[in-house]
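Order of the sequence lines sets the chain letters (A, B, ...), proteins ahead of strands, with each chain counted from 1. We use all heavy atoms of the structure for the numbers below, so side chains are in, but hydrogens, waters and symmetry mates are not.
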Amino acid sequence: MSMYNKIKETQQKKCNVSKEHINYLKKLRQRKRMIVLIQISIVVLLTVLWEALADVGVIDSFIMSQPSRIVNTFMNLSENELGLHLWVTCYETIVGFLLGVALGTLSAIILWWSPILSKISEPFLVVLNSLPKIALGPVIIIWVGAGTQAIIVMALAISLIVTILEMLNGFINTDTETIKMAQTFNANRMQIFTKIVFPSNIGTLFNSLKVNIGLSLVGVIAGEFLVSKAGLGYLIVYGGQVFKLDLVMTSVIILAVVAAVMYQCVVILEKLFTKTMKHSA
Amino acid sequence: MAKKALELCNVKQKYQAPNGEIIAIENVDFSVDEGEFVSIVGPSGCGKSTLLSIVSGLIKPTEGSVLIYGKKEDSMSPQIGYMLQKDNLLEWRSIYKNVILGLEIRKMLTKENEEYVNELLKTYGLYEFKDKYPSQLSGGMRQRAALIRTLAVKPKILLLDEAFSALDYQTRIAVTDDVYSILKRENKTALIVTHDIPESISMSDRVVVLSKRPSTVRSIVDTHFDIENRSPLKCREQPQFSLYFNQIWRELDVHV
């Protein structure tokens, strides 16, 4: 029924569209296309320039690498163990990310539940938040051992505090009138949380997921710099040590793609979630 | 004599703050009969809303007590429904899900009560919108949905805390009429807090005028209109209306 109505509505709209509106829509589309076109040309232009300048020797391809050499390295790598390195980094990032989100949200819930606990922990959280977590690297390695676990803990350390602060802030700033409405039905704290506070903060949760996916990747790469036998961070450090800039550049580009894909995954998840929760008007 | 639905006995409310004590309400004493509509007006900041929160049980009074059908309640009484200024509909829930929120929280979600909700939705013209979301409804309809959410738990007494002040003027007049007729039809008792004098006269049988802080009952004005099928809009057309307005205005003693 609603589907039918929607079709009818759009049909009616189509009939009533004025010439100006069609022109307006056309301009909008053209503008969008132009922006994408320029973005692509910038990438192509820079790549071609880089390649050409390296060919004529204006820039030294030994320390700057070169697009064609990057492609070669990539081909070589994909025949060898690119899959393994990619998998290790993704696995560590996702585990660190999920742990950070879960533990961070859980801590935020506990702190929301007990305002006194939240007040007590405030200065500690602020200090921990401003502390560069990478400084904890050696400590983490000694405590949990050199290996994957140390890298995951590093990712967790970087994303955890931010998640706690952001989620707690969202919980605390939930509309008090809405909470009062629930209280007029004699809602207990549990009901207020599950029915009002948490659903009001789905947006906050997704925002913190978006921030966290990036932070977890930072933690994993930093961890891999310190201690690893595989992963993109390992490739970058190894490439730097043996002066294989082709390998370093290739890994960095792959890393950029990985980061973008992971971020997009969260964006898609958010879209799917809001769609199922509420089919928009 | 009619049964007393609500009795306020010597209610006093003190607030503690680091820079001293504030007495918001002192010796407030009045009662509301069953089926009666009573309004509370007073200068802004005089503690009208605090008084309503005390009646509802959300706040405990420092002294004095509130009796609901002759009984003192320890927490939010199920006999009381509370309507706030905003409709506070939850955007992520459909209208139906919004309307049954109170039943859900009070753990009263039975087949019988769901049927009652459906009946309310049908009677008050929201049944076709039950699967829509709050953002798809007009302000008046949203307020009606909020009222049905309150009525769903079958309260006997309704507390309205500036329930219409978030609406624009025209919608507000219409919604006032709407809510009045619904409440009368469902045989509810109502205690209404408002800063709008015409609204208080048109909606209620009695108007309680509070003084400035610490607020006490300054006077109680009985409003009589000799009309059949009384409605807020009809009251506004009556000659007595402006007399009551002037009387309440004088009692309020407003100085700028």
Asks: Quick one, Met181(A) with Asp87(B), criterion side-chain contact (heavy atoms from CB on, under 4.5 Å). Give me CA distance, side-chain angles, the key distance, then yes/no.
Replies: CA-CA 9 Å; Met181(A) 183 272 293; Asp87(B) 53 57; over 6 Å; no
Asks: Would you name the heavy atoms of Thr178(A) and Leu90(B) that are closest together and state the gap between them?
Replies: CG2-CD2, 3.4 Å
Asks: Would you say Lys154(B) has more than 12 foreign heavy atoms packed within less than 6.0 Å of its NZ?
Replies: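 Yes, the 6.0 Å shell around NZ holds more than 12 heavy atoms from other groups.
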Asks: Please indicate whether Ile116(A) has more than 12 foreign heavy atoms, meaning atoms of other residues, nucleotides or ligands, lying under 6.0 Å from its CD1.
Replies: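 Incorrect, the count does not exceed 12.
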Asks: Of all heavy-atom pairs between Val153(B) and Phe185(A), which one has the smallest distance, and what is that distance?
Replies: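 Looking at all heavy atoms of both residues, the shortest contact is CG2-CE2, 4.0 Å.
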Asks: For a side-chain contact (heavy atoms from CB on, under 4.5 Å) check, start with the C-alpha distance between Trp92(B) and Ile202(A), then their side-chain angles and the critical distance, and finish with the verdict.
Replies: CA-CA 10 Å; Trp92(B) 57 88; Ile202(A) 292 297; over 6 Å; no
Asks: So does Trp113(A) have more than 12 non-hydrogen atoms from other groups sitting under 6.0 Å from CH2?
Replies: yes
Asks: Rounded to the nearest 0.5 Å, how far does CE of Met83(B) lie from OG1 of Thr184(A)?
Replies: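 That separation rounds to 10.0 Å.
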Asks: Report which part of Gln191(A) has an atom under 4.5 Å of a heavy atom belonging to chain B: side chain, backbone, both, or neither.
Replies: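 Just the side chain, heavy atoms under 4.5 Å.
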Asks: Check whether Arg93(B) gets within reach of chain A through its side chain, its backbone, both or neither, counting any heavy atom under 4.5 Å.
Replies: side chain
Asks: Under 4.5 Å, heavy atom to heavy atom: which of residues 97-125 of chain B reach chain A? Give them by number, or say none.
Replies: Leu101(B), Gly102(B), Glu104(B), Ile105(B), Arg106(B), Lys107(B)
Asks: What parts of residues 51-65 of chain B touch chain A if we use heavy atoms and a cut-off under 4.5 Å?
Replies: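 Within residues 51-65 of chain B, near chain A: Ser53(B), Leu58(B).
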Asks: Taking everything shown except Arg189(A) itself, do over 12 heavy atoms lie less than 6.0 Å from its CZ?
Replies: yes
Asks: Counting neighbours of CD1 on Ile134(A) that are heavy atoms of other residues, nucleotides or ligands and sit closer than 6.0 Å, is the number greater than 12?
Replies: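 Not more than 12 within 6.0 Å, no.
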